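What follows is a set of notes on a single structure, which appears directly below.
Keep in mind that the numbers below use all heavy atoms, side chains included, and drop hydrogens, waters and symmetry copies. In each ligand, atom 1 is the first atom listed, and ligand 1 is the first ligand listed. Quick caveat: nothing in here was measured; it's all calculated off a predicted structure.
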Amino acid sequence: MGGDQSTTTTTQPAAAVPAPARSRRAVLATSLCAALACAFVLSAGLLLAAAAGGHRPLQPRAAWDRLSRAQQHKAAPAPEPATRASSSSPAAGGDGGGWSQEDEDEGAAPAPAPAAAEEEPGEEVEDGECDVYDGEWVVDEAAGYPLYDAAECPFLSGQVACRRNGRPDSGYERWRWRPRGCGARTRLGGAEALELCRDKRLVFVGDSLNRNMWESLACILYAAVPDRSRTRIIDDDASQYRIFRAMDYNCSVEFFWSPFLVKLETEPDQTRALKLDQLPTMLRRTMGANVIVFNTGHWWTHTGKLKAWDHLERDGKMVEMAGEAAFNRALRTWARWIDQNIDPSRTRVFFRSVSPEHKSADWCYNQTQPISNGTIAPWFPKDLVTIVERNIKSMRTPVTYLNITQLSEVRIDAHPSVYTITREGKPLNTTQRQQPLTYADCSHWCLPGLPDTWNVLLLDSLIRPTSNVDLQG
Ligand SMILES: *[C@@H]1O[C@H](CO)[C@@H](O)[C@H](O)[C@H]1NC(C)=O
Ligand SMILES: *[C@@H]1O[C@H](CO)[C@@H](O)[C@H](O)[C@H]1NC(C)=O
Ligand SMILES: *[C@@H]1O[C@H](CO)[C@@H](O)[C@H](O)[C@H]1NC(C)=O
Ligand SMILES: *[C@@H]1O[C@H](CO)[C@@H](O)[C@H](O)[C@H]1NC(C)=O
Ligand SMILES: *[C@@H]1O[C@H](CO)[C@@H](O)[C@H](O)[C@H]1NC(C)=O
């Protein structure tokens with residue numbers, strides 16, 4: 001790590017980076033979209049807003065301005081008590097009772113059958129205070145999922161372009177997350193996303209799961225831009241930096257790779273030190289962004305060959321520490337940096353909760369339906385989750401916790417599994433697909449797919465000034 005100083009930066013029109021085999025289709029899709037799909041997304045969005053019980057159509061721009069003003073008026077921001085209405089439903093006790101579909105035998109399970117978008121009692125709630133992370137997955141044709149087509153997003157990486165890699169089913173693209181009792185909230189499409197991004201810089205910092213989320217947002221925005229020649233992708237492989245820009249909207253969405261948040265450095269003797277009290281210098285480049293979304297987690301649990309560090313370091317000295325103590329120490333370093341360097345009137349800070357894997361007991365291989373009986377063995381150590389939540393609560397800066405773990409846990413169907421690529425960048429061949437133990441990826445997520453929902457929830461909370469530190473308990 002870090003040995004290679006050469007950087008290869010490519011800057012090009014986003015439309016000009018298709019995978020070779022797709023270029024013709026991508027171009028076709030581009031012009032088609034300009035003519036049809038984008039107009040459809042836009043009008044569908046307006047129709048939906050209008051249909052949802054006589055609401056004013058969403059006005060994200062105004063909402064953002066309100067938020068900015070509200071933040072500017074907030075002197076020393078103190079964590080506000082959560083004021084959300086109770087959203088627990090008596091029928092939902094632990095059995096995941098809210099599923100709109102019956103569980104079907106695996107293997108023969110067809111893609112989810114389209115169900116009519118039902119109106120629910122909550123649909124009439126106006127701008128309700130509610131818990132958007134409590135809800136259910138529904139197939140809702142009217143909501144327009146997927147928000148884009150894989151063929152419409154030429155820079156979509158092979159790792160998560162499941163259809164391109166031969167995944168035959170597509171039901172996993174069509175589920176919409178419907179929060180309980182939140183009215184028309186979270187019914188966002190690409191057109192609204194673009195308006196929310198206007199004159200803004202959104203930054204993702206973290207591991208490859210945050211890159212997965214960055215790709216998702218870049219695709220949502222790209223597919224909605226009317227003139228796609230006015231977009232750019234910068235892909236700096238060596239320094240693990242990516243940026244998507246929509247020039248006509250002065251919108252940029254960036255990703256910085258930093259899987260531990262704290263600094264990982266290769267020493268002169270080639271050992272790798274994880275420096276618990278230092279942050280990577282690149283973090284400074286995020287300052288001034290309007291939105292920063294952090295995550296860390298997976299890399300702290302790696303053992304054996306996957307473990308990325310040889311020793312831990314503090315105050316310039318090697319230290320022995322239990323994994324949890326080290327994780328806590330690193331998060332304190334991060335939290336202090338945020339409190340000292342981020343101006344909350346200018347920057348909204350988010351921390352995305354852990355993205356679940358489906359590797360051992362609940363394996364993603366061959367899964368085409370979400371889990372409907374709600375009994376999954378949580379995979380990530382609970383102690384580490386507690387450490388994240390405690391550190392966020394102790395911060396002076398308001399940090400919104402994107403609490404996506406539970407809603408993602410049931411999406412066992414949404415991973416690339418064997419429809420991913422090899423280290424050489426090629427889709428798995430037939431023989432390899434028959435060796436899922438070696439090749440299946442049950443950690444990242446197919447796109448379009450689940451991370452699109454994470455982004456919808458992110459964008460939704462951008463227009464909510466009250467959703468600052470709202471951890472429960
Ligand atoms: C995250 O969301 C789940 C599901 O709504 C909820 O049970 C849990 O308490 C939430 N966690 C926090 C820290 O708010
Ligand atoms: C473009 O967006 C940046 C934030 O990324 C903002 O500071 C700048 O004022 C915007 N430019 C214009 C012309 O609005
Ligand atoms: C996975 O699905 C394939 C194709 O439907 C089938 O041939 C195979 O037996 C399944 N494997 C397992 C372990 O269920
Ligand atoms: C949940 O459903 C799966 C099949 O969809 C089944 O294998 C599992 O045993 C069920 N778990 C419980 C606790 O009912
Ligand atoms: C699949 O790839 C492996 C590893 O490169 C190779 O050994 C094998 O022959 C390939 N199988 C097919 C059917 O192409």
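For ligand 1, the atoms lying closer than 4.0 Å to a non-hydrogen atom of Asn403 are 1 (C), 2 (O), 3 (C), 8 (C), 10 (C), 11 (N), 12 (C), 14 (O). Counting the atoms of ligand 2 from 1 in the order shown, those under 4.0 Å from a heavy atom of Lys200 are 5 (O). If you number the atoms of ligand 1 from 1 as listed, the ones under 4.0 Å from a heavy atom of Asp134 come out as 5 (O). Within the listing of ligand 2, atoms 1 (C), 2 (O), 3 (C), 8 (C), 10 (C), 11 (N), 12 (C), 14 (O) sit less than 4.0 angstrom from a heavy atom of Asn250. Which parts of ligand 2 touch Arg201 is read off a 4.0 Å heavy-atom cut-off, strictly below it: atoms 5 (O).
The minimum heavy-atom distance between Trp445 and Ser408, with the atom names listed, is CH2-O, 3.7 Å. The two residues Leu221 and Phe244 come nearest to each other via the heavy atoms CB-CE2, 3.7 Å.
Among Asn403, Val388, Leu402, Leu407, the single residue meeting the side chain to side chain contact (heavy atoms under 4.5 Å, CB included) criterion with Ser353 is Asn403. The side chain to side chain donor-acceptor pair (under 3.5 Å) test with His415 is passed by exactly one of Gln367, His358, Lys359: His358.
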(request) Kindly determine whether Glu254 and Arg285 satisfy salt bridge (Lys or Arg N to Asp or Glu O under 4.0 Å), including the steps that lead there. (result) CA-CA 11 Å; Glu254 300 165 45; Arg285 287 166 66 188; over 6 Å; no
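A side-chain donor-acceptor contact under 3.5 Å links Thr296 to the backbone of Pro259.
Protein residues with any heavy atom under 4.0 Å from ligand 5: Asn429, Thr431, Gln432.
The aromatic rings of Phe155 and Tyr222 lie perpendicular to each other, with more than 60° between the two planes, well past the 30° mark.
Note: no N/O pair closer than 3.5 Å links Glu389 and ligand 1 by distance alone.
Residues passing the side-chain contact (heavy atoms from CB on, under 4.5 Å) test with Val354 are Trp379, Phe380, Thr405, sequence neighbours excluded.
Within the 4.0 Å heavy-atom criterion, the part of Asp131 lying near ligand 1 is the side chain and not the backbone.
Between Asp413 and Asp169, the closest side-chain pair of non-hydrogen atoms is not below 4.5 Å.
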